[in-house]
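Please read the structure below before turning to the comments.
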Number of protein chains: 2
Amino acid sequence: MDADECTQQVTDFAYNVFSQACPSRATLEHVTGRWGSLTLGALSGGALRFNELRRHVDGVSEKMLSQTLHALERNGLVHREARPTNPPHVEYELTPLGREVTDQVMSLIRCVEGRMDDVLAARARYDAR
Amino acid sequence: MDADECTQQVTDFAYNVFSQACPSRATLEHVTGRWGSLTLGALSGGALRFNELRRHVDGVSEKMLSQTLHALERNGLVHREARPTNPPHVEYELTPLGREVTDQVMSLIRCVEGRMDDVLAARARYDAR
DNA sequence: CGGGATCCGGCTTGATACTG
DNA sequence: CAGTATCAAGCCGGATCCCG
């Protein structure tokens with residue numbers, strides 16, 4: 001009874017990520033997932049092509065990048081612009097909605113990056129025990 | 001040459017998540033991971049006990065919650081307070097650092113929740129093709 | 001170049017059971 | 001209550017081959 005139909009009182013929102021059944025949960029996972037956040041972050045600087053993205057997001061495989069882009073496109077965060085030339089020229093860029101979400105993601109990334117000294121210190125303390 | 005030693009020019013930060021080797025990448029994944037963000041979000045309202053957390057984060061298993069909490073504790077985001085009573089009484093709460101990060105996470109969650117109508121519309125459009 | 005399709009090994013995840 | 005131990009299932013990710 002704590003989370004049933006996206007109509008819970010945990011927050012005041014119609015869509016509640018804390019409920020398993022709520023579609024916002026899936027979207028959040030795409031956005032925050034292993035590659036989702038980094039892909040959005042990479043696109044925050046402007047449109048990029050597939051292999052540019054691949055180089056920018058260190059460690060991502062073709063398959064995962066492709067999969068991630070599809071998910072982000074389906075959720076309306078990324079726009080795919082394909083020009084039927086030869087060789088093909090495909091660009092990915094953030095939609096207005098995507099930009100909004102990405103601003104939040106980048107803000108989080110910057111926060112984590114900026115506090116890494118504290119994090120590493122905490123880890124050292126934890127591991128010392 | 002795009003991402004080697006956390007000393008890249010992609011951003012101006014010493015720690016660069018876009019580099020595989022950078023420790024901030026691992027921390028970001030804990031924070032944004034499937035259960036990390038929801039756990040932090042649950043704790044943003046105040047300290048909670050293990051099973052309270054479990055009920056709050058719908059769908060998480062004992063193992064994953066335990067694992068997630070350990071990771072967050074190790075990274076200095078969550079403090080674990082155990083009182084050696086019987087039955088045991090353990091509380092988890094955000095550290096100052098954790099609260100800072102969680103504020104960003106909650107901001108992201110609120111953003112996604114608030115734009116779910118747009119997301120669902122985009123999905124419907126995408127699937128219609 | 002920009003991917004889709006497939007196969008496969010391995011880490012991650014989720015039930016379940018058990019302990020203090 | 002607050003977890004750990006164990007085990008099976010499954011998804012992740014790499015490699016490979018393919019196409020337009």
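These numbers come from a predicted model, not from an experiment. Numbered from 1 within each chain, the chains take letters A, B, ... in sequence-line order.
- Judged purely by distance below 3.5 Å, without hydrogens or angles, the side chains of A:Glu113 and B:Ser24 never pair a donor atom with an acceptor atom.
- At a non-hydrogen distance threshold of 4.0 Å, B:His70, B:Arg80 from residues 68-83 of chain B come into contact with DNA chain D.
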Under a 4.0 Å heavy-atom criterion, the protein footprint on nucleotides 5-20 of chain D, written with B, S and -, is -BB-----BB-----B
Show the atom names and distances, to 0.1 Å, of all donor-acceptor pairs under 3.5 Å that link a side chain in residues 28-46 of chain A to residues at least two apart or in another chain.
{"residue": "A:His30", "atom": "ND1", "partner": "A:Ala26", "partner atom": "O", "Å": "3.3"}
{"residue": "A:Thr32", "atom": "OG1", "partner": "A:Leu28", "partner atom": "O", "Å": "2.8"}
{"residue": "A:Thr32", "atom": "OG1", "partner": "B:Thr32", "partner atom": "O", "Å": "2.9"}
{"residue": "A:Thr39", "atom": "OG1", "partner": "A:Trp35", "partner atom": "O", "Å": "2.7"}
{"residue": "A:Ser44", "atom": "OG", "partner": "A:Gly41", "partner atom": "O", "Å": "2.6"}

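- Look at B:Ser66 and you'll find a side-chain N or O under 4.0 angstrom from OP1 or OP2 of D:dT4.
- Between the side chain of B:Thr95 and the backbone N or O of B:Gly76, at least one donor-acceptor pair lies under 3.5 Å.
- Under 4.0 angstrom from either OP1 or OP2 of C:dG20 there lies no side-chain N or O belonging to B:Asn86.
- B:Glu91 places its CD atom 16 Å from the C1' atom of D:dG3, with the value rounded to the nearest Å.
- The shortest heavy-atom contact between A:Tyr92 and A:Val78 is CD2-CG1, 4.0 Å.
- Side chain of A:Thr68 to backbone of A:Met64: a donor-acceptor contact under 3.5 angstrom is found.
- Spacing between atom CZ of A:Phe50 and atom P of C:dC1 amounts to 12 Å, rounded to whole angstrom units.
- Taking atom CD of residue B:Glu52 and atom P of nucleotide D:dA2, one finds them 8 Å apart after rounding to whole Å.
- Cation-pi geometry between A:Arg54 and A:Phe50 is not met at under 6.0 angstrom from the ring centre and within 45 degrees of the axis.
- With rounding to whole Å, B:Leu65 atom CG is found 18 Å from C:dT12 atom P.
- In terms of modelled atom types and a separation under 3.5 Å, the side chain of A:Arg25 and the main chain of A:Val17 share a donor-acceptor contact.
- B:His89 has its NE2 atom 12 Å from the P atom of D:dC1, to the nearest Å.
- Between the side chains of A:Asp117 and B:Tyr15, a donor-acceptor pair is found at a separation under 3.5 Å.
- The distance from atom CZ of B:Arg54 to atom C1' of D:dC1 is 12 Å, rounded to the nearest whole Å.
- If you measure from atom OH of A:Tyr92 to atom P of C:dG2, you get 8 Å, rounded to the nearest angstrom.
- Between A:Asn75 and B:Arg123 there is a side-chain heavy-atom pair separated by less than 4.5 Å.
- Within the structure, a side-chain polar atom (N or O) of A:Arg49 is placed less than 4.0 Å from OP1 or OP2 of C:dG2.
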